[in-house]
Every structure is written in structure tokens, then in C-alpha cells.
Amino acid sequence: MIIVVRSWRQIPDLQINKLNPFKAKAKTLDENDILSSYSDRFHFPQKNGTSCIYFCGNSLGLQPKSTQEFINCELKKWSERGVEGHFTGEKPWVTYHANSKTSLSGLLGACENEVVAMNNLTSNLHLAMTSFYQPQSSRNKVLIEKGAFPSDFYAVYSQIKAKGLDPKECLIELGPNDSSEYLPNIEIINKIHELGTELALVLFPGIQYYTGQFFDIKSIAKAAHDVGAHAGFDLAHTIGNIPLSLHDDEVDFAVWCTYKYLNSGPGGVGGLFVHEQHGKNKSLNRLSGWWGHDAEARFKMDNQINPIPNVDGWQLSNVNIISHAAHLASLQIFDEAGILHLREKSILLTGLLEELIHSSRVLSEHIRIITPSNPKERGCQLSLYLPNHGKEVFEKVVEKGVILDWREPNVIRAAPVPLYNTFSEVVEFTDILEEAIND
Ligand SMILES: *Cc1c(COP(=O)(O)O)cnc(C)c1O
């Protein structure tokens, strides 16, 4: 029987095979997956002549097969037109950054004039902090999560130093109270209120890279505003993973990279969101460059600074076309698949991984999942904490053709990605993991 479904919720009761219930369940889910054809649009790394199980889209997304074509198109334009490519042909380079705005605004829940692809994540974080971290007398503190990704920590630390302040006093790190890795939202809100008039900026991740916890962006932004501070978010692990609503949540700024879930290639172009209400404010402190300057007057070379009254006003340099072309190739796939469909599948895919780990005696004895079990508080990734011989287990799993990543001290990050992973791969992975632990 062929079952055609439009949405996951309509999947009929599964006929479960008693001998191998999860394999049968995964097979049914794969057969009913409306996104199953998307895996054909990607190149998969091979080992010993077969495709790997790739659970590492949280670190570097796979290459879409269309990427070459998008890049070749710009190489061809360059070879045929030289400098005239800036102003002529399809997608002239001078306005090339505008081509990603519609897709990005859909992924982020933003207006088109609030998002721009440019630079890289950390450089955008510095640009944003130059505008949104303006310490004034005792309002000089920045709140971040304990165990933040090093680049974010260094950026905040150096911004505080650059303002002539002491990071020991002004950099506040908030971690969980007890021995767990989970940081309850109420503790973040309480800390923001406790810091009150001393708080200048809250910089939080959407998803914490190590634990996989997804934070409540809206309530964090609201609490920051309640005490007169700004709220910025690092969406490195969130964009392309969980649908967002940055505009309605009144986020002040956000930054992201595009080589993780957005599959835009190693070191690919980053992005910046600045809320409309700030974008219009030309008097905000900022580091300027010619690409953020009024486009009409850009080539008058009169050295009169007139920033574009939206996020584009934060641009510094002309667009990195090759990297942006790769970005567009991947965004086209997201537009077709739809972030809401992807999220729906992702909840099932990661839920199956969690269920498999809990239901296996070996796995549940050796692994503690440190990612929240509430699907609303996580994305694709599960962080598997292995207190004993974790690194050895990880290496054995990799040898058997699974690509995922290891984070010190004791965590395997596994991210089944709805665009190109299958339910059967999740089952296969847990079989391999069990073998590696038993070995
Ligand atoms: C991946 C990641 C980065 C990477 O920064 P780049 O500037 O792109 O090198 C920064 N912060 C977080 C939280 C990340 O996950």
C-alpha cells in the first residue's frame, strides 16, 4: 500500500515489527517523509566506497550539488565581463548581497531590511557590539552564558577592554546552579533583573553549542529591555535549524555563520540582523565602510558619511561574491523545503535518536544525554555525554563510517539533519554506537 501524506501528523499507526521495532518504524517514517528527495541534492563524503552517515551538519553542512553551478556562473561572468560584472548581467555584483535577503528574513522571522549577509560571525559580533555595547557609568556589564564558545568570549572580553573597562568586573557569566548542564530560563531572567541598571548587554546563544540547549529568545530580550539593556543573540547553531521570529521578539541584534546548518561552505559568509528600530538610527555608534554608505552617493567619493538607514548601513566592504554565490545555492534549497517542514521532521528525527538511546540497555548505561529532552528546548543536535572512554568510542564510530564531532571534555555531538538525513540512519548509527561501546 502506498500512503501519501502531506504532513507528519497524518501518519497512520505504525505497523511495528516485533523483532526489530525501531528498524520498521524508521523505515515507515522514511517512506512517508515528504522531504526524502532532498538528500539527493547533496554530496556525501565517502569512506571505503560507501557514503558516510553524516551527523555533523551542526559543524559543517554538506555541499549542495548546485553550489558548483552557482559559483561557476559568477566565475563565468567575471571571465566574460570583467569589472562590468558589477553593474551588468543577471544579479549584478554591486547589489549581490540583496539576493539573500528574502530567504534569510524567512528563516529568521525578520523584515528584509533587518538582515544582511556579510563578513563572518565574529567580525559581525564586533560590529554589533560597537553599536549595542555602549557602557555608561555603572551600566557597563555584559551577561553571557558560562562556557560560551571561545570566539564569543574573546569578542566580549576584548570589547570590554577596548572600552577601557575591566573584564573581571564587567563580564558576567551565568551557568547552572547545580551539577547539571541545563540552565533554566527563570535563572537567566532573575540574573538580568538582579544586574538591573548595571547591565548594558545580554549576549546569549540561540542554541548552546556544547549542550544543545535552545534558549527562550523572546523572554530574554524582554527581560533585558525591562532593565534598560540591549539583547543580542548568536545564532550559529540556530539558523536553518529552528524557525525564529527576531522582529516580533524585539531582538536588538543577532549574528550567525552560514557553514553549519546553512550548508554555505567552509568559512562562508556570515550574517547580521539589526532590528528596524535601530537600523533607522543613523546616530548609533558604528564602525563604517563604504558599502554601508548611501548607495546612490557611493561612487561620488565625497567623503560625506550617510549610512543606509537599515542593517545594510553596517556593511563595510563590497560583497564577497564567490562565498555569497555558495550561500544562495543552499538558501534556494531551504526555500523549497520550507523551514517549518524541516523543523517538523527534525523533531521526529532527533526524538527517534533519543528514544533509541533510552531504550537500549547498553546505550542508556553508558550515555547521559545533556541536551534538554523537551523538543521546544533543543534543535537537531543531541549532546551525548560519555564519562568513560568517550574519545575511544567516538573514534571507533568514526572508523565505521559515521561523521560527527567530539567536544572536550566528554561529549559526542550528534546532529541528524532533516534536509539530508534519514530515520534509518539514526537506527544504524545507534547500532554502531552500541557495537563501539561493547567492543
Ligand atoms: C561556529 C561558531 C562560531 C564561529 O565563528 P566564526 O567567526 O564564523 O569563525 C562562533 N560562535 C559560535 C557560538 C559558534 O558556534
Practice task
Would you confirm whether Ser359, through its side chain, and Leu356, through its main-chain N or O, come within 3.5 Å as a donor-acceptor pair?
Solution key: yes
Practice task
Begin from the C-alpha positions of Lys222 and His225 and carry the test side-chain contact (heavy atoms from CB on, under 4.5 Å) through to its verdict.
Solution key: CA-CA 5 Å; Lys222 177 163 187 315; His225 296 157; 5.8 Å; no
Handout entry: Distance (rounded to the nearest 0.5 Å) between Phe273 CZ and Glu114 CD
Key = 4.0 Å
Handout entry: Glu365/Arg361 ion pair, N-O < 4.0 Å
Key = yes
Handout entry: Inter-residue atom distance Phe204.CZ - Glu145.CD, 0.5 Å rounding
Key = 5.5 Å
Handout entry: Heavy atoms of other groups near Asn303 CG, more than 12 under 6.0 Å
Key = no
Handout entry: Under 3.5 Å side-chain donor-acceptor pair for Glu181 and Tyr385
Key = no
Practice task
For Phe42, enumerate each residue passing the side chain to side chain contact (heavy atoms under 4.5 Å, CB included) test, keeping only those at least two apart in sequence or located in another chain.
Solution key: Phe44, Leu62, Pro64, Asn263, Ile333, Leu419, Tyr420
Exercise for the section: Tell me, yes or no, whether the heavy-atom count around Glu112 atom CD, taken from other residues, nucleotides or ligands under 6.0 Å, exceeds 12. Expected result: yes
Exercise for the section: Would you mind checking if Glu194 and Lys191 are paired as a salt bridge, meaning a charged N to carboxylate O distance below 4.0 Å? Expected result: yes
Exercise for the section: Taking atom NZ of Lys396 as the centre, report whether more than 12 heavy atoms of other residues, nucleotides or ligands fall under 6.0 Å from it. Expected result: yes
Practice task
Supply the atom-to-atom distance Leu125 CG to Asp152 CG, rounded to the nearest 0.5 angstrom.
Solution key: 6.0 Å
Problem - Gap between atom CG of Leu348 and atom CZ of Arg343 - 0.5 Å precision - result: 10.5 Å
Exercise for the section: Taking atom types as modelled, find out whether Ser219 and Asp216 have a side-chain donor-acceptor pair closer than 3.5 angstrom. Expected result: yes
Fill in the blank from the handout: Heavy atoms of Leu331 and Leu107 approach each other most closely as CD2-CD1, 3.9 Å
Practice task
Could you tell me whether the side chains of Glu74 and Trp93 share a donor-acceptor contact shorter than 3.5 Å?
Solution key: yes
Practice task
Would you check if the side chain of His275 reaches a backbone N or O of His247 as a donor-acceptor pair within less than 3.5 Å?
Solution key: yes
Handout entry: Where Ala229 and Leu199 come nearest, the two heavy atoms and their spacing
Key = CB-O, 3.4 Å
Practice task
Indicate yes or no for a side-chain donor-acceptor contact from Thr371 to the backbone of Ser383 under 3.5 Å, with no hydrogens or angles considered.
Solution key: yes
Completion exercise
Closest non-hydrogen atoms of Tyr259 and Gly267, given as atom of the first, atom of the second and distance, are CD2-N, 3.8 Å
Practice task
To the nearest 0.5 Å, tell me how far Ile239 CD1 sits from Tyr261 OH.
Solution key: 12.5 Å
Exercise for the section: Answer yes or no: does atom NZ of Lys65 have more than 12 heavy-atom neighbours from other residues, nucleotides or ligands under 6.0 Å? Expected result: yes
Problem - Ala155 backbone acceptor or donor facing Ser158 side chain under 3.5 Å - result: yes
Handout entry: Gln136, CD atom: more than 12 neighbouring heavy atoms under 6.0 Å
Key = no
Handout entry: Crowding at CG, Leu75 (>12 non-hydrogen neighbours, <6.0 Å)
Key = yes
Practice task
Answer yes or no: is there a donor N or O on one side and an acceptor on the other, between the side chain of Thr238 and the main chain of Ile207, under 3.5 Å?
Solution key: yes
Exercise for the section: Pick out which of Thr122, Asp234, Asn120 makes a side chain to side chain donor-acceptor pair (under 3.5 Å) with Ser151. Expected result: Thr122
Problem - Heavy-atom check, side chain of Glu354 versus side chain of Ser373, under 4.5 Å - result: yes
Problem - The single option from His230, His278, Gln277 passing side chain to side chain donor-acceptor pair (under 3.5 Å) against Asp252 - result: His278
Practice task
Could you label the plane-to-plane angle of the Phe132 and Trp314 rings as parallel, tilted or perpendicular, counting under 30° as parallel and over 60° as perpendicular?
Solution key: parallel
Handout entry: Side chain Lys101, main chain Val116, donor-acceptor under 3.5 Å
Key = no
Practice task
Might you confirm whether atom NZ of Lys400 has over 12 heavy atoms from other residues, nucleotides or ligands at distances under 6.0 Å?
Solution key: yes
Problem - Whether Asn140 side chain and Pro135 backbone form a donor-acceptor pair below 3.5 Å - result: no
Handout entry: Backbone of Asn32 reached by a side-chain donor or acceptor of Ser36 within 3.5 Å
Key = no
Problem - Shortest non-hydrogen separation from Ala117 to Ser100 and the atoms involved - result: CB-OG, 3.8 Å
Problem - Main-chain N/O of Ser66 paired with Glu69 side-chain donor or acceptor, under 3.5 Å - result: no
Exercise for the section: Might you confirm whether atom NZ of Lys282 has over 12 heavy atoms from other residues, nucleotides or ligands at distances under 6.0 Å? Expected result: yes
Fill in the blank from the handout: Looking only at heavy atoms, the pair that brings Ala223 and Ile192 closest together is O-CG2, 3.5 Å
Handout entry: From CA spacing to verdict: side-chain contact (heavy atoms from CB on, under 4.5 Å), His43, Thr67
Key = CA-CA 10 Å; His43 292 291; Thr67 302; over 6 Å; no
Exercise for the section: Tell me, please, whether Phe149 has Lys260 positioned over its six-membered ring: NZ or CZ under 6.0 Å from the ring centre and within 45 degrees of its axis? Expected result: yes
Exercise for the section: Mind listing the closest non-hydrogen atom pair of Cys56 and Leu404 along with its distance? Expected result: SG-C, 3.7 Å
Practice task
Check step by step if side-chain contact (heavy atoms from CB on, under 4.5 Å) holds for Lys345 and Asp33.
Solution key: CA-CA 8 Å; Lys345 174 174 170 188; Asp33 177 5; 2.6 Å; yes
Exercise for the section: Find the distance between CG (Leu384) and CG (Asn410) and round it off to the nearest 0.5 Å. Expected result: 12.0 Å
Handout entry: Main-chain N/O of Tyr209 paired with Arg413 side-chain donor or acceptor, under 3.5 Å
Key = yes
